[in-house]
Amino acid sequence: MEAVMRVTDTIKSFRETKLASIRSPAEFFDYHRFSRPADFNQATQRMTYNTRYFSGNYVLIIALLAVYAILSRPVLLIALIFLVGGFAAINRFAPESVEMGGRVITQKHLYTGLFVIGIPLLWVASPFSAFFWLVGASGVVILGHASLIEPGIESEYATVQDTV
(Lines give C-alpha, C1' and ligand atoms only; values in the text may rest on other atoms or scores of the structure.)
Protein backbone atom coordinates (compact mmCIF):
# COMPACT_ATOMS: atom_id res chain seq x y z
CA MET A 1 0.00 0.00 0.00
CA GLU A 2 2.88 2.33 0.78
CA ALA A 3 4.37 1.73 -2.68
CA VAL A 4 1.07 2.75 -4.31
CA MET A 5 1.06 5.97 -2.28
CA ARG A 6 4.64 6.74 -3.36
CA VAL A 7 3.76 6.19 -7.02
CA THR A 8 0.67 8.36 -6.64
CA ASP A 9 2.69 11.13 -4.98
CA THR A 10 5.37 10.92 -7.67
CA ILE A 11 2.79 11.19 -10.45
CA LYS A 12 1.10 14.09 -8.69
CA SER A 13 4.39 16.00 -8.23
CA PHE A 14 5.33 15.26 -11.87
CA ARG A 15 1.98 16.63 -13.03
CA GLU A 16 2.38 19.73 -10.88
CA THR A 17 5.92 20.49 -12.04
CA LYS A 18 6.31 19.39 -15.66
CA LEU A 19 2.82 19.15 -17.05
CA ALA A 20 1.75 22.44 -15.48
CA SER A 21 4.40 24.17 -17.59
CA ILE A 22 2.91 23.05 -20.92
CA ARG A 23 2.65 26.03 -23.24
CA SER A 24 -0.32 26.49 -25.54
CA PRO A 25 -0.19 24.96 -29.02
CA ALA A 26 -0.51 28.46 -30.52
CA GLU A 27 2.67 29.50 -28.73
CA PHE A 28 4.48 26.21 -29.39
CA PHE A 29 3.68 26.19 -33.13
CA ASP A 30 3.96 29.97 -33.70
CA TYR A 31 5.35 29.93 -37.22
CA HIS A 32 6.05 33.69 -37.11
CA ARG A 33 8.84 33.02 -34.60
CA PHE A 34 10.54 30.30 -36.68
CA SER A 35 13.80 31.37 -38.29
CA ARG A 36 17.18 29.94 -39.10
CA PRO A 37 19.78 30.83 -36.46
CA ALA A 38 22.63 33.03 -37.70
CA ASP A 39 25.38 30.83 -36.27
CA PHE A 40 26.01 27.90 -33.94
CA ASN A 41 26.28 30.21 -30.90
CA GLN A 42 22.80 31.61 -31.49
CA ALA A 43 21.41 28.10 -32.05
CA THR A 44 22.95 26.98 -28.76
CA GLN A 45 21.46 29.96 -26.90
CA ARG A 46 18.05 29.26 -28.39
CA MET A 47 18.26 25.57 -27.46
CA THR A 48 19.30 26.41 -23.90
CA TYR A 49 16.40 28.81 -23.38
CA ASN A 50 13.72 26.90 -25.30
CA THR A 51 14.41 23.52 -23.69
CA ARG A 52 13.67 25.09 -20.31
CA TYR A 53 10.76 27.21 -21.54
CA PHE A 54 9.00 24.42 -23.45
CA SER A 55 10.07 21.56 -21.15
CA GLY A 56 6.49 20.42 -20.53
CA ASN A 57 5.75 20.30 -24.25
CA TYR A 58 8.94 18.34 -24.89
CA VAL A 59 8.05 15.79 -22.19
CA LEU A 60 4.68 15.38 -23.88
CA ILE A 61 6.41 14.85 -27.27
CA ILE A 62 8.67 12.19 -25.78
CA ALA A 63 5.68 10.43 -24.20
CA LEU A 64 3.75 10.46 -27.50
CA LEU A 65 6.76 9.13 -29.41
CA ALA A 66 7.21 6.39 -26.79
CA VAL A 67 3.58 5.32 -27.16
CA TYR A 68 4.01 5.30 -30.95
CA ALA A 69 7.20 3.23 -30.65
CA ILE A 70 5.44 0.62 -28.53
CA LEU A 71 2.25 0.51 -30.59
CA SER A 72 4.11 0.25 -33.90
CA ARG A 73 5.99 -2.84 -32.68
CA PRO A 74 3.31 -5.45 -31.87
CA VAL A 75 5.79 -8.03 -30.55
CA LEU A 76 7.19 -5.47 -28.12
CA LEU A 77 3.67 -4.58 -26.99
CA ILE A 78 2.84 -8.26 -26.44
CA ALA A 79 6.09 -8.85 -24.54
CA LEU A 80 5.51 -5.86 -22.27
CA ILE A 81 1.89 -6.84 -21.61
CA PHE A 82 3.00 -10.41 -20.88
CA LEU A 83 5.73 -9.39 -18.44
CA VAL A 84 3.83 -6.62 -16.64
CA GLY A 85 0.58 -8.59 -16.59
CA GLY A 86 2.33 -11.74 -15.41
CA PHE A 87 4.11 -9.86 -12.65
CA ALA A 88 0.85 -8.25 -11.51
CA ALA A 89 -1.04 -11.57 -11.70
CA ILE A 90 1.58 -13.41 -9.66
CA ASN A 91 1.55 -10.68 -6.99
CA ARG A 92 -2.23 -10.58 -6.84
CA PHE A 93 -3.34 -14.20 -7.24
CA ALA A 94 -0.39 -16.23 -5.95
CA PRO A 95 1.07 -14.56 -2.86
CA GLU A 96 1.18 -17.93 -1.07
CA SER A 97 2.64 -21.25 -2.14
CA VAL A 98 0.26 -23.58 -4.00
CA GLU A 99 0.32 -27.38 -4.04
CA MET A 100 -0.50 -28.98 -7.39
CA GLY A 101 -0.06 -32.66 -8.13
CA GLY A 102 2.02 -33.26 -5.02
CA ARG A 103 4.44 -30.42 -5.85
CA VAL A 104 4.69 -27.09 -4.08
CA ILE A 105 4.78 -24.10 -6.44
CA THR A 106 6.09 -20.91 -4.87
CA GLN A 107 6.17 -17.34 -6.12
CA LYS A 108 9.82 -17.86 -6.97
CA HIS A 109 8.90 -20.70 -9.35
CA LEU A 110 6.23 -18.58 -10.99
CA TYR A 111 8.60 -15.64 -11.46
CA THR A 112 11.22 -17.97 -12.91
CA GLY A 113 8.70 -19.33 -15.41
CA LEU A 114 7.56 -15.83 -16.29
CA PHE A 115 11.09 -14.65 -16.99
CA VAL A 116 12.11 -17.83 -18.84
CA ILE A 117 9.31 -17.13 -21.31
CA GLY A 118 9.20 -13.32 -21.12
CA ILE A 119 12.89 -12.41 -21.49
CA PRO A 120 13.41 -14.28 -24.81
CA LEU A 121 10.13 -12.82 -26.06
CA LEU A 122 11.35 -9.37 -25.07
CA TRP A 123 14.70 -10.05 -26.76
CA VAL A 124 12.93 -10.92 -30.03
CA ALA A 125 10.88 -7.72 -29.74
CA SER A 126 14.15 -5.68 -29.79
CA PRO A 127 13.43 -3.05 -27.15
CA PHE A 128 16.89 -1.54 -27.66
CA SER A 129 16.09 -0.54 -31.23
CA ALA A 130 12.84 1.05 -30.01
CA PHE A 131 14.75 2.90 -27.28
CA PHE A 132 17.40 4.21 -29.64
CA TRP A 133 14.74 5.19 -32.18
CA LEU A 134 12.96 7.09 -29.41
CA VAL A 135 16.17 8.88 -28.39
CA GLY A 136 16.98 9.80 -31.98
CA ALA A 137 13.49 10.87 -33.01
CA SER A 138 12.87 12.94 -29.89
CA GLY A 139 16.35 14.49 -30.16
CA VAL A 140 15.77 15.56 -33.76
CA VAL A 141 12.29 16.94 -33.06
CA ILE A 142 13.15 18.70 -29.79
CA LEU A 143 16.54 20.13 -30.76
CA GLY A 144 15.21 21.09 -34.18
CA HIS A 145 12.29 22.98 -32.67
CA ALA A 146 14.39 24.52 -29.90
CA SER A 147 17.01 25.81 -32.32
CA LEU A 148 14.57 27.14 -34.94
CA ILE A 149 12.09 29.05 -32.77
CA GLU A 150 13.12 32.48 -31.62
CA PRO A 151 12.72 33.07 -27.88
CA GLY A 152 10.04 35.55 -26.92
CA ILE A 153 10.71 38.97 -25.46
CA GLU A 154 10.53 37.46 -21.96
CA SER A 155 13.84 35.71 -22.66
CA GLU A 156 15.62 39.08 -22.54
CA TYR A 157 14.46 39.51 -18.95
CA ALA A 158 15.28 35.97 -17.88
CA THR A 159 18.94 36.87 -17.33
CA VAL A 160 17.93 39.97 -15.35
CA GLN A 161 15.75 37.89 -13.01
CA ASP A 162 18.55 35.37 -12.49
CA THR A 163 21.04 38.02 -11.40
CA VAL A 164 18.70 39.83 -8.99
Side-chain angles (χ1 to χ4, degrees), residues 1-31 34 36-37 40 43-98 100-101 103-149:
M1 189 67 179
E2 184 177 317
V4 173
M5 293 301 292
R6 275 189 295 184
V7 170
T8 306
D9 292 341
T10 303
I11 291 172
K12 190 180 293 185
S13 69
F14 176 76
R15 187 176 61 216
E16 291 171 355
T17 57
K18 288 292 182 194
L19 297 181
S21 68
I22 291 179
R23 307 295 175 184
S24 70
E27 185 177 6
F28 188 72
F29 296 112
D30 187 8
Y31 64 91
F34 277 88
R36 197 177 110 225
F40 186 72
T44 306
Q45 289 174 347
R46 286 182 181 185
M47 284 188 281
T48 303
Y49 176 76
N50 286 331
T51 50
R52 275 188 272 124
Y53 187 72
F54 291 114
S55 65
N57 297 70
Y58 294 148
V59 167
L60 190 61
I61 287 172
I62 292 169
L64 290 173
L65 286 172
V67 168
Y68 173 77
I70 291 172
L71 292 178
S72 66
R73 292 169 173 80
V75 177
L76 180 60
L77 181 62
I78 291 168
L80 290 174
I81 289 172
F82 178 77
L83 285 169
V84 171
F87 185 77
I90 290 170
N91 280 337
R92 183 170 182 168
F93 299 118
E96 306 284 329
S97 298
V98 178
M100 293 182 93
R103 298 192 59 131
V104 176
I105 300 173
T106 64
Q107 258 191 344
K108 185 177 180 180
H109 293 116
L110 293 173
Y111 284 129
T112 303
L114 177 69
F115 290 128
V116 163
I117 297 168
I119 297 301
L121 182 62
L122 192 64
W123 182 261
V124 169
S126 65
F128 297 114
S129 69
F131 173 75
F132 287 119
W133 177 87
L134 177 62
V135 169
S138 60
V140 167
V141 170
I142 290 169
L143 294 178
H145 179 271
S147 65
L148 291 176
I149 194 162

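Positions are given from 1, in the same order as the sequence printed here.
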First locate atom OG of Ser138, then atom CG of Leu64, and finally report the distance between them rounded to the nearest 0.5 Å. 11.5 Å
How long is the span from the CG atom in Leu60 to the CZ atom in Arg23, to the nearest 0.5 Å? 14.0 Å
Closest heavy-atom pair, Arg36 versus Arg46, reported as atoms and distance to 0.1 Å, is C-NH1, 4.1 Å
Looking at Phe131, I'd like to know if its CZ atom is crowded, meaning that more than 12 non-hydrogen atoms belonging to other residues, nucleotides or ligands lie closer than 6.0 Å. no
With a 4.5 Å cut-off on side-chain heavy atoms, are Trp123 and Phe128 touching? yes
Might you point out which heavy atoms bring Ile149 and Asp30 nearest each other, and give the distance in Å? CD1-O, 4.4 Å
Quick check for you: to the nearest 0.5 Å, what is the distance between Phe82 atom CZ and Leu121 atom CG? 7.0 Å
Side chains of Tyr111 and Thr106, heavy atoms from C-beta outward: is any pair under 4.5 Å? no
Just wondering, do Pro37 and Leu148 contact through their side chains at under 4.5 Å, heavy atoms? yes
In terms of heavy-atom contacts, Val104 and Ser97 come closest through CG1-CB, 3.9 Å
Before you tell me yes or no, could you show the steps for Tyr68 and Leu134 under side chain to side chain contact (heavy atoms under 4.5 Å, CB included), namely the whole-Å CA-CA distance, both residues' side-chain angles and the distance that decides it to 0.1 Å? CA-CA 9 Å; Tyr68 173 77; Leu134 177 62; over 6 Å; no
Given the rule in the side chain to side chain contact (heavy atoms under 4.5 Å, CB included) test, do Thr48 and Arg52 qualify, once you have shown the distances and angles that lead to the verdict? CA-CA 7 Å; Thr48 303; Arg52 275 188 272 124; 3.5 Å; yes
Between Leu143 and Tyr58, is any pair of side-chain heavy atoms under 4.5 Å apart? no
Go through Phe28 and Ile61 one step at a time and tell me if the side chain to side chain contact (heavy atoms under 4.5 Å, CB included) criterion holds. CA-CA 12 Å; Phe28 188 72; Ile61 287 172; 3.6 Å; yes
To the closest 0.5 Å, what do you measure between OG1 (Thr112) and CD (Gln107)? 11.0 Å
Looking at CD1 of Ile142 and OG1 of Thr51, how far apart are the two atoms once the value is rounded to the nearest 0.5 Å? 9.0 Å
Taking only residues two or more places apart in sequence, or in another chain, which ones meet Leu122 in a side-chain contact (heavy atoms from CB on, under 4.5 Å)? Leu76, Ala79, Leu80, Leu83, Pro127
Can you measure from CZ (Arg6) to CG (Asp9) and round to the nearest 0.5 angstrom? 10.0 Å
